[in-house]
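Read through the structure below, which is laid out as structure tokens, and then see the notes.
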Amino acid sequence: MLTLAACREPAPQRDVLEYLRVGVAPREEAAALTRAFERDGYRVRSLVDLEELVMLDASDPGGATALRIVTPMGVVLGLDAPDRRFPTRERVRGLPAPLSGTDLDGDGRVELLVALVDSARPAECVAVVRIDEHRRAVEVPVDTRVVQEGACVERAEDVGGDARAELLVVARYPLPALPVPAGVSVPLTGHEGRFVPMQAAVGRYFAGERTVRMERLGDARRVGDARTISRLAVELGLLVWFEGGDPDRAILALDAQAEGGHVDALAAGRALIRTLHERAGGRASDAETE
């Protein structure tokens with residue numbers, strides 16, 4: 001969870017009196033915001049434009065960015081980067097419709113996707129913001145531990161082909177002798193108000209991920225790049241495990257592409273798959289006893 005403090009108490013750096021007119025229609029409010037930003041030299045993007053909800057973001061030539069979500073309550077979420085209250089925040093942006101602005105998790109409410117770059121994290125992370133029954137913005141917790149402890153949602157895309165975005169959680173695993181961690185993306189889909197590992201249509205997604213890696217593996221073999229061969233072989237094993245949860249099949253997939261790789265890195269990859277399987281079994285047992 002990214003803890004969007006402004007979800008609880010919007011406090012934009014810019015003077016509220018310059019642009020905030022609580023109680024007007026969201027589109028009128030957004031138009032006033034846009035004019036104020038443009039006067040200050042910002043370029044504004046309208047990302048979601050609904051009758052009772054507007055999301056926009058803005059950026060200026062100096063690299064400053066801002067995001068505003070507007071409902072009939074006024075500006076219910078205002079984020080800025082840089083922001084002296086959050087010194088590690090570097091950039092903020094919204095993900096446009098149709099990724100944002102629909103019911104992503106099946107709870108009957110509209111969700112929006114907000115991406116933040118923070119120097120304390122290795123990559124841009126995406127937060128889910130729900131507009132609740134009071135027309136306020138509330139951050140939705142996404143449990144990424146099913147993929148990796150401490151991982152975050154880094155992308156969103158329509159994996160299932162149903163015009164609804166899935167959240168892609170990226171897991172990265174450092175391995176001996178490899179300068180780049182092994183990394184895979186795992187889709188979570190919305191279900192009854194929460195986000196869970198995707199089941200339907202996930203095979204097509206993982207098949208595509210394997211195809212990309214097999215192409216890269218061919219390039220690595222042609223130049224004898226043992227480190228890349230090792231990383232891709234481990235990633236192919238991880239994809240099989242995340243798709244089906246079978247560690248033996250996953251290790252067989254790794255071993256099938258191990259030729260030319262580093263022995264230590266490949267051994268660490270096999271151990272990683274076994275560890276992931278053991279941890280998944282522990283979480284399942286804990287869930288049953290709760």
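We number each residue from 1, following the sequence as shown. The basis for the numbers below is simple: all heavy atoms, side chains too, and nothing from hydrogens, waters or symmetry mates.
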Where [X] and [Y] come nearest, the two heavy atoms and their spacing:
X: Ala165; Y: Leu99; value: CB-CD2, 3.7 Å
X: Gly260; Y: Ala226; value: O-CB, 3.3 Å
X: Ser185; Y: Phe206; value: O-CE2, 4.0 Å
X: Val75; Y: Arg68; value: CG1-CD, 3.9 Å
X: Val48; Y: Ala97; value: CG2-N, 4.2 Å
X: Ala220; Y: Thr228; value: CB-CG2, 3.8 Å

Quick one: do Val138 and Ile131 satisfy side chain to side chain contact (heavy atoms under 4.5 Å, CB included)? Show the steps, please.
-> CA-CA 6 Å; Val138 180; Ile131 304 304; over 6 Å; no

Take atom CZ of Arg221 as the centre, draw a 6.0 Å sphere, and report whether it contains more than 12 heavy atoms from other residues, nucleotides or ligands.
->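 Result for CZ/Arg221: enclosed.
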
Should we count CD of Glu133 as having more than 12 external heavy atoms under 6.0 Å?
-> yes

Check [Y] with [X], please: is the shortest side-chain N to carboxylate O separation under 4.0 Å?
X: Asp143; Y: Arg145; result: yes
X: Arg89; Y: Asp80; result: no
X: Glu124; Y: Arg93; result: yes
X: Arg109; Y: Asp107; result: no

Would you say that [X] contacts [Y] through its side chain, given a criterion of any heavy-atom pair below 4.5 Å between the two side chains?
X: Arg121; Y: Glu90; value: no
X: Val110; Y: Leu53; value: yes
X: Val126; Y: Val114; value: no
X: Asp40; Y: Asp60; value: no
X: Phe195; Y: Pro187; value: no
X: Pro61; Y: Tyr42; value: no
X: Trp241; Y: His277; value: yes
X: Arg39; Y: Arg35; value: yes

For Arg45, salt bridge (charged side-chain N to carboxylate O under 4.0 Å, His left out) partners two or more places apart |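 Arg45: salt bridge (charged side-chain N to carboxylate O under 4.0 Å, His left out) contacts with Asp57.
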
Identify, with sequence neighbours excluded, every residue that meets salt bridge (charged side-chain N to carboxylate O under 4.0 Å, His left out) alongside Asp49.
->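 Salt bridge (charged side-chain N to carboxylate O under 4.0 Å, His left out) list for Asp49, sorted by chain: Arg27.
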
Between the side chain of [X] and the main-chain N/O of [Y], is any donor-acceptor distance below 3.5 Å?
X: Thr71; Y: Glu52; result: no
X: Arg164; Y: Gly190; result: yes
X: Ser100; Y: Leu113; result: yes
X: Asp158; Y: Asp162; result: yes

Verdict with supporting geometry, Arg130 and Asp132, salt bridge (Lys or Arg N to Asp or Glu O under 4.0 Å) | CA-CA 6 Å; Arg130 176 180 296 140; Asp132 68 13; over 6 Å; no

Which donor-acceptor pairs under 3.5 Å do the side chains of residues 166-179 make with protein atoms, sequence neighbours left out?
residue: Glu166; atom: OE1; partner: Val159; partner atom: N; Å: 2.8
residue: Glu166; atom: OE1; partner: Gly160; partner atom: N; Å: 3.1
residue: Glu166; atom: OE2; partner: Thr189; partner atom: OG1; Å: 3.2
residue: Arg172; atom: NH1; partner: Glu154; partner atom: OE2; Å: 2.5
residue: Arg172; atom: NH2; partner: Glu154; partner atom: OE1; Å: 2.9
residue: Arg172; atom: NH2; partner: Glu154; partner atom: OE2; Å: 3.3
residue: Tyr173; atom: OH; partner: Val147; partner atom: O; Å: 3.2

For residues 243-256, please give each side-chain donor-acceptor pair under 3.5 Å, one per line with the distance, not counting sequence neighbours.
residue: Glu243; atom: OE1; partner: Arg210; partner atom: NH1; Å: 2.8
residue: Asp246; atom: OD1; partner: Asp248; partner atom: N; Å: 3.0
residue: Asp246; atom: OD1; partner: Arg249; partner atom: N; Å: 3.2
residue: Asp255; atom: OD1; partner: Arg270; partner atom: NE; Å: 2.7
residue: Asp255; atom: OD1; partner: Arg270; partner atom: NH2; Å: 2.9

Set of residues satisfying side chain to side chain contact (heavy atoms under 4.5 Å, CB included) with respect to Arg213, sequence neighbours excluded |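 Arg213 satisfies side chain to side chain contact (heavy atoms under 4.5 Å, CB included) with Val184, Glu209, Leu232, Glu235, Leu236, Leu239 only.
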
Same hydrophobic cluster for [X] and [Y], using side-chain heavy-atom links shorter than 4.5 Å among ILVMFWY?
X: Val240; Y: Leu217; result: no
X: Leu238; Y: Val146; result: yes
X: Leu50; Y: Leu47; result: yes
X: Val92; Y: Val117; result: no
X: Met55; Y: Met73; result: yes

Value rounded to 0.5 Å, distance of [atom1] in [X] from [atom2] in [Y]:
X: Arg194; Y: Leu188; atom1: CZ; atom2: CG; answer: 11.0 Å
X: Leu79; Y: Phe86; atom1: CG; atom2: CZ; answer: 8.5 Å
X: Leu116; Y: Cys125; atom1: CG; atom2: SG; answer: 8.0 Å
X: Ser46; Y: Leu56; atom1: OG; atom2: CG; answer: 6.5 Å
X: Leu112; Y: Leu77; atom1: CG; atom2: CG; answer: 9.0 Å
X: Ile229; Y: Gln257; atom1: CD1; atom2: CD; answer: 10.0 Å

Residues two or more places apart in sequence or in another chain: which of them pass side-chain hydrogen bond (donor to acceptor under 3.5 Å, both in side chains) with Thr88?
-> Asp118

